[in-house]
2 protein chains.
Amino acid sequence: MPDLLTIGELSARSGVAPSALRYYERLGLIRADRTGGNQRRYARAELRRVAFIRISQQVGVSLDEIREALDSLPEARTPSPQDWARLSASWRSRLDERIRLLTKLRDDLDGCIGCGCLSLQRCTLNNPEDTLAGEGPGARLVLPRPTDDPTLAGALN
Amino acid sequence: MPDLLTIGELSARSGVAPSALRYYERLGLIRADRTGGNQRRYARAELRRVAFIRISQQVGVSLDEIREALDSLPEARTPSPQDWARLSASWRSRLDERIRLLTKLRDDLDGCIGCGCLSLQRCTLNNPEDTLAGEGPGARLVLPRPTDDPTLAGALN
DNA sequence: GTGTGAGTTGAAGTGGACTTCAACTCAAGG
DNA sequence: CCTTGAGTTGAAGTCCACTTCAACTCACAC
C-alpha cells in the first residue's frame, strides 16, 4: 500500500507549514494526489523532496533554482538514492563558497578588530577578491549585486 | 577642511547605490549634512558606517539590528577605532554560528551523498541539534522559524 | 447523524531591503 | 547664461518566500 500522508502529516514530519507546502506545490516543487474530496495526499517520496528543498534553501539556493534541479529528476520512477546524491552534490561548491566567504569575513574581521580599522586600505575586508577598480585615489568596490552574496564593500578615508 | 562627499561619491566609494544610501538615512543608519541647495554632503566618517553596515549584512544581521548597534556609538565624537572594534566583535559569535551550521550542513551532506539517503533517520541532517520531538513514530523536526537561520529539517520514510 | 478538527480555494497581506518613477532643482563647466 | 549631469522628494513598485483570511467542504470518532 502506498500509505499516503495528509498535508498535516507531511507538515509535521517535515517541519514545513501546510501553507508553505501548498506554495511549493504551486511552484511545482512537490506534487500530491487528491482524494475524492479534493484533499491532498502525499506519497512518502515527497518527504525526501521537501527535505531536499529545505537543505537547498540553507545552502542559499532560491526556490526557482531548486525547482530546476528537481525537474532534472526522472519523471517515471521514484528518485533513487543516486539521484538524490547527484542533486545534493550539485550544491556542494556553492556551500563551499559560502563557507569560504564567511570564514574569510571572520578572519578579516578579527584582523580589523585588532587594529580597529574596520575595512581600510590595508585591510583585506576592503578588497575581498582584489577586484578594486584601480582608477583614481581612494578605494572603491563594486558589489556583484546580481549574484547576491554581495562581496563585502569597505572603504575609508 | 571636512572634505565632504556627495551622494554619488559616497556611492562610488562604498559600492552602495544612492537609493540605498537614502534608504539607510531614512532608517537612521547614516546621516548627512545639507548644502544650501538641499543636497546631501557626507563626512568621510560616514564611509566607515556604510562599511560597517555592509559587513554586518554579510554576517546576517538585519538593518534594524544594525541601527541599534550604531545607536550605541558616541553621539558627540567621531567613533574611534575601539568603537568600531567593539561593534565588529559583537557580531563575531553570530558569524561563528553561521559558519558552524553551514559547515555541519556540508559534512552532513557529504555523508548523505555517500549513502544517497538524503536526510534520513540515520543521517545527522535529520536532526541537526538532536532536538527531535520524541513522540510517536517517525522523525520530525521543528524549525526555529522566528530566529531565522532555520535549522535544517529532514525526515524520511 | 453530528460535531469537530483538518483541509480547500483565490486573493490579499507581510516583511525586508531596496529600486523606480515623475517632476523638479542644483552645481559647475564653457 | 545655458546646458547637462547630479541630486531632491514622496509614493509606488519589486522580489522572495511565505502567511493570513474568509468562506466553505471533508473525514472520522462517537
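Excluded from the calculations below are hydrogen atoms, water molecules and symmetry mates; all remaining heavy atoms, backbone and side chain alike, are included. Small disclaimer: the values here were computed from a predicted structure and weren't measured. Lettering of chains follows the sequences in order, A, B, ..., and the numbering in each one begins at 1.
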Exercise for review: Might you work through the side-chain contact (heavy atoms from CB on, under 4.5 Å) test for B:I53 and B:L70, ending with a clear yes or no?
Suggested key: CA-CA 9 Å; B:I53 292 166; B:L70 288 172; 4.1 Å; yes

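- Rounded to an integer number of Å, the gap from OH of A:Y42 to C1' of C:dA6 is 13 Å.
- Near-neighbour residues of DNA chain C inside residues 19-28 of chain B, defined by a heavy atom below 4.0 Å, number-ordered: B:S19, B:A20, B:Y23, B:Y24.
- Listed pair A:R54 / D:dC18 meets the phosphate criterion, a side-chain N or O lying under 4.0 Å from OP1 or OP2.
- With sequence neighbours excluded, the residues that form a salt bridge (charged side-chain N to carboxylate O under 4.0 Å, His left out) with A:D33 are A:R31.
- With sequence neighbours excluded, the residues that form a side-chain contact (heavy atoms from CB on, under 4.5 Å) with A:D71 are A:R67.
- Legend: residues meeting side-chain hydrogen bond (donor to acceptor under 3.5 Å, both in side chains) with A:D96, ordered by chain and number and at least two apart, are A:R92, B:R106.
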With 3.5 Å as the limit, what N/O pairs link the protein to nucleotides 24-27 of chain D?
from: D:dC26; atom 1: O4'; to: A:Q39; atom 2: NE2; distance (Å): 3.3
from: D:dA27; atom 1: OP1; to: A:T35; atom 2: OG1; distance (Å): 3.1

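- Checked against salt bridge (charged side-chain N to carboxylate O under 4.0 Å, His left out), A:E65 has the following partners two or more places apart in sequence or in another chain: A:R94.
- C:dG15 atom P lies 12 Å from atom CG of B:D64, rounded to whole Å.
- Going from atom CD1 of B:I7 over to atom P of C:dT19 covers 11 Å, rounded to whole Å.
- In this view, B:S72 and B:R86 satisfy the side-chain hydrogen bond (donor to acceptor under 3.5 Å, both in side chains) rule, not counting sequence neighbours.
- Look at CD on B:Q57: it is 10 Å from C1' on C:dC18, rounded to the nearest Å.
- B:R77 pairs by the salt bridge (charged side-chain N to carboxylate O under 4.0 Å, His left out) definition with B:D83, not counting sequence neighbours.
- A:Y23 pairs by the side-chain hydrogen bond (donor to acceptor under 3.5 Å, both in side chains) definition with nothing, not counting sequence neighbours.
- Scanning for salt bridge (charged side-chain N to carboxylate O under 4.0 Å, His left out) contacts around B:R41 gives an empty result, with sequence neighbours left out.
- Between B:R34 atom CZ and D:dT8 atom P there is a gap of 6 Å when expressed in whole angstrom units.
- Atom-to-atom, CZ of B:R67 to P of C:dG16 comes out at 11 Å; the value is rounded to the nearest Å.
- Across the protein-nucleic acid pair, A:L10 atom CG and C:dA6 atom P stand 16 Å apart, rounded to whole Å.
- The CD atom of B:E9 sits 11 Å away from the C1' atom of D:dA6 (whole-angstrom rounding).
- Using cut-offs of 30° and 60° for the angle between ring planes, the A:W84 and A:F52 rings count as tilted.
- End-to-end axis angle of the helix from C:dG1-D:dC30 to C:dG30-D:dC1, from C1' rotation axes over five pairs per end: 0° (rounded to 10 degrees).
- Considering only side-chain N and O atoms, B:R40 lies nowhere under 4.0 angstrom from the phosphate OP1 or OP2 of D:dG7.
- With salt bridges taken as basic N to acidic carboxylate O contacts below 4.0 Å, none links B:E25 and B:R22.
- Close to C:dA17, at under 4.0 Å from its OP1 or OP2, lies no side-chain N or O of B:S62.
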